[in-house]
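Note that the structure is predicted; figures quoted are calculated from it, not measured. We use all heavy atoms of the structure for the numbers below, so side chains are in, but hydrogens, waters and symmetry mates are not.
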Amino acid sequence: MTNDIHATAERYRNWGKWGERDQIGTLNTITAEKIVQAARLVRKGQVFSLAIDFNQNGPQSGRTRVNPTLLMRSTGADFVSGSRQNPSGIGSADDNLFMSLQAATHWDALSHIFDRERMWNGYNANNVNSLGAKVNGVENMRDKIVTCGVLLDMPRLKHVEWLDNGYAITEADLLACIEQQQVEVGMGDIVLIRTGQLTNCKRNGWDTFAGGDAPGLSFSTAGWLHRTQIAGVASDTWGVEVRPNELPNSYQPLHQVMIPNMGLLVGEMFDLDALAADCASDGVYEFMFVAPPLPITGAVGSPVNPQAIK
């Protein structure tokens with residue numbers, strides 16, 4: 001239903017809310033006061049990395065995106081053989097990394113998704129060309145993603161190991177989880193939604209994780225995402241929203257609303273299992289969240305190693 005997508009996009013559009021030249025969207029809701037509030041959430045000094053491993057055995061399988069591939073420029077063998085020795089005895093190894101920037105745990109930049117030839121804040125899609133994004137590049141977020149994080153653990157709410165592929169998480173589900181966990185979600189927070197799909201993949205292999213069926217947010221949650229004024233949302237799936245997509249003749253319709261219209265930060269393929277286990281153990285589902293992207297000029301996404309600090 002194309003009309004439903006367009007009507008929803010226009011209903012929740014934030015263009016101009018933070019100025020005509022804004023390039024960071026909902027990250028504007030992360031204020032200095034919010035960062036101080038986040039720091040106060042650190043009580044036991046425990047840090048959780050939320051990134052999956054970046055390697056050739058990653059989640060991409062047959063799509064245009066490429067798993068991270070490490071290429072060595074020089075090795076210990078080069079040193080031992082004498083080809084790279086220095087008279088002082090010092091040696092070194094050096095390496096390159098080849099990957100799609102959105103192949104593993106990553107943020108989508110606001111230049112990543114277009115809606116009817118426009119991207120965030122009304123900028124024309126032609127501003128993204130073969131040299132990268134002239135506006136809304138991921139480098140604009142380099143110092144913005146330090147705030148309060150909230151985990152919503154949907155499998156524990158439903159008393160299952162993981163949600164079934166195709167399960168659409170509704171606003172009622174989100175509210176039930178918030179009530180059960182006794183947390184609050186509000187302006188400037190980044191919400192991490194665990195579906196358990198990554199848990200399943202760890203046990204049974206990636207299969208069609210990249211681009212296949214998945215549990216995720218229902219298109220109907222667009223209003224909740226807008227109304228709560230959160231800074232961002234991320235999940236342990238390839239695309240955050242439910243797949244197959246709910247609306248006929250659409251592709252990632254919630255992305256079409258969230259990124260170019262709301263200006264909402266979206267993260268994908270976050271490993272939330274260890275954090276979820278700790279939250280279930282101590283009953284604390286909020287934490288300081290730190291996850292700046294690599295400031296790659298003009299990039300439409302960035303790898304990230306998100307940190308939840310409790």
Side-chain angles (χ1 to χ4, degrees), residues 14 17-18 22 24-51 105-108 110 138 140-154 156-157 169 171 173-195 217 221-236 240 258-259 262-293 302 304-310:
N14 284 329
K17 181 173 182 177
W18 297 287
D22 180 72
I24 61 170
T26 55
L27 291 180
N28 283 285
T29 61
I30 301 176
T31 62
E33 292 76 16
K34 191 71 180 180
I35 296 170
V36 171
Q37 178 187 344
R40 293 192 181 112
L41 295 175
V42 179
R43 300 182 178 94
K44 55 186 181 180
Q46 192 167 3
V47 181
F48 296 88
S49 167
L50 310 181
T105 308
H106 69 272
W107 292 121
D108 289 342
L110 296 183
V138 78
N140 293 287
M141 302 176 178
R142 66 197 307 154
D143 58 353
K144 305 300 179 186
I145 309 176
V146 178
T147 189
C148 300
V150 178
L151 174 71
L152 298 183
D153 192 345
M154 304 309 301
R156 280 186 169 84
L157 173 71
I169 299 169
E171 180 176 339
D173 287 330
L174 296 172
L175 295 177
C177 194
I178 289 168
E179 181 178 6
Q180 183 189 72
Q181 296 177 182
Q182 298 182 1
V183 292
E184 295 182 0
V185 172
M187 181 182 291
D189 291 338
I190 288 182
V191 177
L192 309 178
I193 298 175
R194 180 173 176 266
T195 71
L217 289 176
T221 60
W224 182 85
L225 294 168
H226 185 264
R227 186 170 63 253
T228 53
Q229 300 185 75
I230 59 176
V233 63
S235 83
D236 57 354
V240 175
M258 291 188 297
I259 297 176
M262 286 188 203
L264 184 67
L265 178 69
V266 174
E268 294 157 342
M269 296 184 251
F270 281 45
D271 186 346
L272 303 174
D273 287 352
L275 174 63
D278 187 79
C279 291
S281 174
D282 66 11
V284 178
Y285 287 84
E286 57 183 357
F287 37 84
M288 187 177 190
F289 180 78
V290 181
S302 171
V304 67
N305 180 18
Q307 308 288 301
I309 308 168
K310 296 184 69 177

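Across W224 and I178, no two heavy atoms sit closer than the pair CZ2-CD1, 3.8 Å. Across I30 and G188, no two heavy atoms sit closer than the pair CG1-O, 3.7 Å. Considering every non-hydrogen atom in both C148 and L41, the closest pair reads SG-CD1, 3.9 Å. Of all heavy-atom pairs spanning D153 and A276, the tightest one is OD2-CB, 3.4 Å. In this structure, N305 and A51 approach most closely via the heavy-atom pair OD1-CB, 3.5 Å.
Rounding to the nearest 0.5 Å places CG of L152 at 10.5 Å from CG of L272. Separation of atoms OG1 (T221) and CG (L174) is listed at 6.5 Å; rounding is to 0.5 Å. Rounded to the nearest 0.5 Å, atoms CG (L275) and CG (L192) are 7.0 Å apart. We find the CG-CE distance between D108 and M141 to be 8.5 Å, quoted to the nearest 0.5 Å. Annotation: the span from T147 atom OG1 to L265 atom CG amounts to 10.5 Å, rounded to 0.5 Å. Atom CE of residue M288 and atom CD of residue Q307 lie 11.0 Å apart, to the nearest 0.5 angstrom.
Using a 4.5 Å cut-off on side-chain heavy atoms (C-beta onward), L157 and Q181 make no contact. Using a 4.5 Å heavy-atom cutoff, the side chains of T29 and I230 are not in contact. Annotation: side chain of V290 is in contact with side chain of P292 (closest heavy-atom distance under 4.5 Å). Looking only at side-chain heavy atoms (C-beta outward), N14 and H226 come within less than 4.5 Å of each other. At least one side-chain heavy atom of H106 sits under 4.5 Å from a side-chain heavy atom of E268. Residues F270 and T105 meet the side-chain proximity criterion, which asks for heavy atoms closer than 4.5 Å.
Heavy-atom contacts from other residues, nucleotides or ligands closer than 6.0 Å to CD of Q180 number more than 12. Counting heavy-atom neighbours within 6.0 Å of R40 CZ, excluding the residue itself, gives a total of 12 or less.
Remark: A280 engages R156, Y285 in a side chain to side chain contact (heavy atoms under 4.5 Å, CB included) (not counting sequence neighbours). The side chain to side chain contact (heavy atoms under 4.5 Å, CB included) test applied to A222 returns T8, Y12, L254, V257, M262, not counting sequence neighbours.
For residues 27-39, the pairs satisfying salt bridge (charged side-chain N to carboxylate O under 4.0 Å, His left out) are K34-D189, with sequence neighbours left out.
At distances below 3.5 Å, not a single donor-acceptor pair connects side-chain atoms of W18 with backbone N or O atoms of I24. Between the side chain of E286 and the main chain of E184, no donor-acceptor pair closer than 3.5 Å is present.
In this structure, D278 pairs ionically with K44, as a charged nitrogen and a carboxylate oxygen lie closer than 4.0 Å.
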(request) Determine, step by step, whether T195 and M154 satisfy the side chain to side chain contact (heavy atoms under 4.5 Å, CB included) criterion, reporting the C-alpha distance in whole Å, the side-chain angles of both residues, the deciding distance to 0.1 Å, and the verdict. (result) CA-CA 6 Å; T195 71; M154 304 309 301; 5.6 Å; no
(request) Go through the steps to decide whether I193 and V240 satisfy the test side chain to side chain contact (heavy atoms under 4.5 Å, CB included), and finish with yes or no. (result) CA-CA 8 Å; I193 298 175; V240 175; 5.9 Å; no
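In summary, of the residues considered (V150, V191, L151, I145), a side-chain contact (heavy atoms from CB on, under 4.5 Å) with F289 occurs for I145 alone.
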